[in-house]
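Chain letters run A, B, ... following the sequence lines, proteins first and then strands; every chain starts at 1.
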Protein chains: 2
Amino acid sequence: MLKISKLTDYATILLIHLSRHQKAISSSILAVETGVPEPTVAKVLKMLTRATLVQSCRGAGSGYMLKSTLDQITLASVILAIEGPIDLVNCDHEHCRVTLKNCTLYGKWEGISLQVRDVFEKVTIADLQNQNKAIHSC
Amino acid sequence: MLKISKLTDYATILLIHLSRHQKAISSSILAVETGVPEPTVAKVLKMLTRATLVQSCRGAGSGYMLKSTLDQITLASVILAIEGPIDLVNCDHEHCRVTLKNCTLYGKWEGISLQVRDVFEKVTIADLQNQNKAIHSC
DNA sequence: TTTTAAATGGACTAAAGTAGTCCTATATAC
DNA sequence: GTATATAGGACTACTTTAGTCCATTTAAAA
């Protein structure tokens, strides 16, 4: 499927929300703000933390903060954090029906994947964000 | 998931195979040639026929033929035939958590989808095809 | 120092999408 | 008329995604 996963969508929304706060905020507050269920918010923030897109702090009154500004966060990095590397075909070279030598299409797909990756590399979350206060995607 | 479906992969392989024949060939023959199981080959060819990328003919000794040359078939048209329209987010505007007015991200995603679509629009199956006889993808 | 709020990690369930198969009907060449 | 194909669609199995929950760790606040 040539689709962004829902969690990636949530991730962009959460990042935009985080950028509006100076202090760290908790996943439960973000859940209320965004309307996304809390356990899901928590899950996404965990992934973003592992990818070092956001910074976390434990303990009472703490939470999550952006590590950089929205214009420094590419959509590609968010997709990578949530869905893994962008590869249009997943050729594991193990269960391939044919021998690798014959697999001449593979290289071509690689090039196309790169072009797609490039599209996402050039879009930042700041680009996604609008000037007005609306922050949900559908 | 940002991946091409397996069936789309098969479709490109089948199209390349079809281009090597002058006469119509059956799905069972294509199955043997490509190593893809016959029922699956049949399924994909049906889809390609509905999308008028290939022409079908029933009856003994008949089968499928290309409707145009490989350099006239874009990857986008194959993806459209197998997976449907390229839309990175599927916002049905019905079960959206927020009202549509607030959904400002939607327009942005549209633009990105268009850029991705553009990548596939510019690649033809002829581009995918290599000069040598190898025709399988992994 | 105790309590409380919050992240972390991982397991788990449910839902959705994909791949693959099979069967019946229909068309056409020989 | 018979054999060979496509057409359509139903169906099953499998994989991925979404979403939830719980036990643990951390640290601030009282």
Side-chain angles (χ1 to χ4, degrees), chain A residues 1-11 13-14 18 21 23-32 34-65 79 81-84 87-90 92 95 97, chain B residues 1-11 13-14 18 21 23-32 34-65 67 79 81-84 87-90 92 95 97 137:
Chain A
M1 259 234 293
L2 224 47
K3 290 221 186 304
I4 292 293
S5 89
K6 266 194 191 178
L7 297 187
T8 299
D9 192 6
Y10 295 159
I13 295 170
L14 292 171
L18 279 173
H21 293 271
K23 295 262 165 187
I25 46 174
S26 66
S27 55
S28 54
I29 291 177
L30 277 172
V32 173
T34 58
V36 178
E38 197 275 331
T40 302
V41 170
K43 184 182 195 174
V44 172
L45 286 171
K46 275 182 236 174
M47 294 194 239
L48 293 177
T49 305
R50 274 182 218 140
T52 67
L53 290 178
V54 307
Q55 199 161 24
S56 67
C57 193
R58 292 187 179 188
S62 44
Y64 295 93
M65 281 182 67
I79 293 173
I82 307 291
E83 312 187 31
D87 265 315
L88 294 181
V89 292
N90 40 359
D92 62 0
H95 309 90
R97 288 178 194 278
Chain B
M1 258 234 293
L2 226 46
K3 289 220 188 306
I4 292 292
S5 88
K6 265 193 192 179
L7 296 186
T8 299
D9 192 6
Y10 295 158
I13 295 168
L14 292 171
L18 278 174
H21 293 271
K23 295 263 167 188
I25 47 175
S26 67
S27 53
S28 53
I29 291 177
L30 277 171
V32 173
T34 58
V36 178
E38 196 276 330
T40 302
V41 170
K43 183 181 195 174
V44 172
L45 286 173
K46 276 181 236 175
M47 294 195 240
L48 293 177
T49 305
R50 273 182 220 144
T52 67
L53 290 178
V54 306
Q55 200 162 24
S56 67
C57 194
R58 292 186 178 187
S62 45
Y64 296 94
M65 282 184 67
K67 271 201 111 168
I79 293 173
I82 307 292
E83 312 187 30
D87 265 315
L88 294 179
V89 292
N90 42 357
D92 60 1
H95 309 90
R97 288 178 194 276
S137 97

Under 3.5 Å, sequence neighbours excluded: what are the donor-acceptor pairs made by side chains of residues 56-64 of chain A?
residue	atom	partner	partner atom	Å
A:Ser62	OG	A:Cys57	O	3.0
A:Ser62	OG	A:Arg58	O	2.4
A:Ser62	OG	A:Gly59	N	3.2
A:Ser62	OG	A:Gly59	O	2.4

Side-chain donor-acceptor contacts of residues 37-49 of chain B below 3.5 Å, not counting sequence neighbours, with atom names and distances?
residue	atom	partner	partner atom	Å
B:Glu38	OE2	B:Ser27	OG	3.0
B:Thr49	OG1	B:Leu45	O	2.6

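The CD1 atom of A:Ile79 lies 3.5 Å from the CD1 atom of A:Ile4; values are rounded to the nearest 0.5 Å. Annotation: the span from A:Ile82 atom CD1 to A:Leu53 atom CG amounts to 8.0 Å, rounded to 0.5 Å. How far CG of B:Leu14 is from CG of B:Asp9: 9.5 Å, rounded to the nearest 0.5 Å.
Between B:Lys6 atom NZ and D:dT16 atom C1' the separation is 13 Å, expressed in whole Å. Between the P atom of C:dA6 and the CG atom of A:Leu18 lies a distance of 15 Å, rounded to the nearest Å. Atom CG of B:Leu7 is separated from atom P of D:dT15 by 15 Å (rounded to the nearest Å). Taking atom CD1 of A:Ile82 as the reference point, atom C1' of D:dG19 lies 14 Å away to the nearest angstrom. Rounding to whole angstrom units, CE of residue A:Met47 and P of C:dG9 are separated by 13 Å. We find that CG of A:Asp9 is positioned 15 Å from C1' of D:dG19, with the value rounded to whole Å.
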Which parts of nucleotides 4-11 of chain D does protein reach within less than 4.0 Å, heavy atoms only, written one letter per nucleotide 5' to 3' as B for base, S for sugar-phosphate only and - for none? BSBSBB--

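Closest-nucleotide positions on DNA chain D for A:Pro39 and B:Leu2 were compared, and the one nearer the 5' end corresponds to B:Leu2.
Distances shorter than 4.0 Å separate none of the side-chain N or O atoms of B:Ser5 from OP1 or OP2 on C:dG17. Contact between the side-chain N/O atoms of A:Lys3 and the OP1/OP2 oxygens of C:dG17 is not found at any separation under 4.0 Å.
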Walk me through whether A:Ile13 and A:Val36 qualify under side-chain contact (heavy atoms from CB on, under 4.5 Å). CA-CA 10 Å; A:Ile13 295 170; A:Val36 178; 5.5 Å; no

